[in-house]
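For reference, the structure discussed in these notes is given below.
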Amino acid sequence: MIYLDYAATAPIDETVFEAMLPYLKPDGLHGNPASTHGPGFKARAAVDAARQQVAGLIGAEAGEIIWTSGATESNNLAIKGALEFRGFPKNGKPAHIVTSKTEHKCVLDTCRHLETLGARVSYLKPDGQGRVTPDAVLAALTPDTVLVSLMWVNNEIGTVNDIEQLALRLRERGVMLHVDAAQAAGKLAIDVKAVPVDLLSLSAHKLYGPKGVGALFVRRKPRARLSPQMHGGGHEQGMRSGTLATHQVVGMGAACALASERFAADVAHWSSLRDTLWSRLRTIPGVLRNGPAEGERAAPHLLNLSFPGVEGESLRAALGGIAVSSGSACSSATAEPSYVLRALGRDDETANASLRFSFGRGTTRADIEQVADTVIAQVARLRAVAVAPEPVMTEIDDSNPFGYAPEIWRLFRQTPNAGAFPDGTDGVVSAEAGTPAARSVLRLALKFNGDRIADARFQAYGCPTTIAVGARLAGWAKGRSSAELARLNAAELREALEIPEDRAHCALLGEDALRAVLTRYQEQRA
Ligand SMILES: *Cc1c(COP(=O)(O)O)cnc(C)c1O
């Protein structure tokens, strides 16, 4: 398995793990950092040291770091807390937020929630590279604007917003700025002393720390004020109650210290891998790079590409032993094409045929070469199954990462009967069903000899199940009569291939294609 999904999460670093262990062991340093006795003081000292390490990565003071459970919570606390501190929604005054359409879901959903309570939110559309410029933000401000929330680095496409400029200009206007820096920390130089952001969110697991811990930078001078979203014992200066998870906090501290230490080497390593992969994959006809244009500021650790003419699920299935993400990890749980790529103006088909490659400390040049070879071969293969008269089949490795039923997987890997008959071949009747916009097209060609099918071929653009349906239909048709074919229906296809309910439409597509061929055959005979 080659893991190229570090932007979704990075494995914990060995030294981070070692640093956490003493606080996790049953006979370890188990004290409550809020307790006033020996074990408590020891835990407190570890928490303080970790706070210093996190602060060090971004140029903050230790007292400006509030521990949270991750960037999702930090973003919630920053945005809801800032509005609530100003009296929203109880004082009934208008409250306006400026953010962008390409923020992480946890920012967008927080804003949507505040809209239900009466806030007004401007979701700015980024430019073609995914940037929201300081000018665009300034133009959206109103006298009621309470907060601007903008990410530093986009998690899907690696676009870098000009937070340095924006922060200075918002400071002049007296508007609070929150920055989601989950993908920026350790990847870009961040110095909150020079860049006057008020609030900044961090996550440990994007930085080789443990999952489930993050931090919010809350500026002290001038003081950024927030209402707590978690009420309780008044921990974290009253902004976030709850007994601190000492081991997690220590892990995040160690991860940030390591990121500071390795910063230059990490960035050089990642950008070189990114550039190597792009130089290989840009040779694929029609490939599109999503996000920053060449020569523009870009996150070093990721590359997002679209492969028009290839269906996304089939591409990911064919990549088998390579873990990459399609769009963001969060939104690929749903079948929706990435809203970030759509905001850039990509259509649904192209957005769906996109991959995000993200690199880590463990990624080697050999990994990148192997990934490039595989992607080049599989894009060519899937395009061939969709259009080539006689596709040349390259092997797909047998990992079946999404767990398709065995027969679907076999037919997808081997694609028997793929292709078309040469133009002018006697007795061929062909027709197709589906549309590219619906992300499945199946073309079936039957070669009749009298009323019997002497040979059959298919071409398909679609998911592995669609391709398997095409291969099955073509294989099954051979030697049968038109009357036998007319009796085949979607239910039988589903049973033969073990097609699950949520893919029933693929079997229906097969039935439609078959019906279309038979109708044409009857018309030609009449
Ligand atoms: C991962 C991520 C988050 C969420 O962080 P968690 O710590 O997993 O809650 C928020 N914003 C961005 C940009 C991210 O990449």
Side-chain angles (χ1 to χ4, degrees), residues 4-12 16 54 57-58 65-80 99-113 123 126 130-132 149-161 163 177-188 190 197 199-217 229-230 240 242 245 248-249 251-253 255-256 259 270 290-292 298-304 324-333 338-341 343 356-360:
L4 288 190
D5 204 13
Y6 288 86
T9 194
I12 210 160
V16 170
V54 174
L57 181 64
I58 59 169
I65 300 300
I66 302 297
W67 299 113
T68 64
S69 62
T72 298
E73 187 189 336
S74 300
N75 289 342
N76 272 265
L77 172 58
I79 299 170
K80 292 176 188 165
T99 186
S100 82
K101 286 186 191 300
T102 48
E103 296 302 302
H104 193 273
K105 275 280 183 217
C106 61
V107 167
L108 295 177
D109 286 354
T110 298
C111 289
R112 295 251 181 266
H113 169 73
Y123 300 93
R131 282 177 313 207
V132 175
S149 179
L150 197 67
M151 67 204 324
W152 207 320
V153 170
N154 183 277
N155 50 303
E156 285 193 44
I157 54 180
T159 297
V160 181
N161 280 321
I163 297 296
L177 173 61
H178 163 247
V179 174
D180 177 352
Q183 295 288 342
K187 278 93 183 178
L188 298 184
I190 297 181
V197 303
L199 302 161
L200 182 129
S201 301
L202 300 169
S203 173
H205 73 100
K206 306 283 172 73
L207 276 169
Y208 299 87
K211 295 169 183 60
V213 59
L216 181 66
F217 159 78
Q229 300 302 305
M230 188 76 83
R240 204 282 193 177
Q248 297 288 79
V249 156
M252 180 161 187
C256 287
W270 297 328
N290 299 311
H301 65 302
L302 63 92
L303 180 68
N304 190 311
V324 290
S325 165
S326 53
S328 99
C330 304
S331 57
S332 59
S338 151
Y339 65 89
V340 173
L341 297 179
R356 176 187 71 182
F357 304 91
S358 52
F359 319 105

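In each ligand, atom 1 is the first atom listed, and ligand 1 is the first ligand listed.
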For residues Ser338 and Glu156, report the shortest heavy-atom separation together with the two atoms involved. OG-OE1, 2.7 Å

Distance-minimising heavy-atom pair for Met151 and His104: CE-N, 3.7 Å

Would you mind telling me which of Thr99, Leu77, Asn75 makes a side-chain contact (heavy atoms from CB on, under 4.5 Å) with His178?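 For His178, the side-chain contact (heavy atoms from CB on, under 4.5 Å) test succeeds with only one of Thr99, Leu77, Asn75, which is Asn75.
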
Keeping Asn154 on the side-chain end and Thr159 on the backbone end, is there a donor-acceptor pair under 3.5 Å? no

Would His205 count as a contact of ligand 1 if the rule is a heavy atom under 4.0 Å away? yes

Does any non-hydrogen side-chain atom of [Y] lie less than 4.5 Å from one of [X]?
{"X": "Trp152", "Y": "Val160", "result": "yes"}
{"X": "Ser100", "Y": "Leu150", "result": "yes"}
{"X": "Asp180", "Y": "Asn155", "result": "no"}

I need the contact type for [X] against ligand 1. Using non-hydrogen atoms and a strict under-4.0 Å cut-off, is it side chain, backbone, both or neither?
{"X": "Glu73", "answer": "neither"}
{"X": "Lys211", "answer": "neither"}
{"X": "Ala182", "answer": "side chain"}
{"X": "Thr72", "answer": "both"}

For [atom], find the nearest protein heavy atom and state the residue, atom name and distance (0.1 Å precision).
{"atom": "atom 11 (N) of ligand 1", "value": "Asp180 OD2, 2.7 Å"}
{"atom": "atom 7 (O) of ligand 1", "value": "Ser203 OG, 2.7 Å"}
{"atom": "atom 5 (O) of ligand 1", "value": "Ala71 CB, 3.2 Å"}

Rounded to the nearest 0.5 Å, how far does CG of Leu207 lie from CD1 of Ile12?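 Interatomic distance, Ile12 CD1 to Leu207 CG, rounded to 0.5 Å: 11.5 Å.
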
With heavy-atom distances below 4.0 Å as the criterion, list the atoms of ligand 1 near Met151. 13 (C)

For ligand 1, which atoms have a heavy atom of Gln183 less than 4.0 angstrom away? 13 (C), 15 (O)

Backbone or side chain, does any N or O of Lys206 fall under 3.5 Å from an N or O of ligand 1? yes

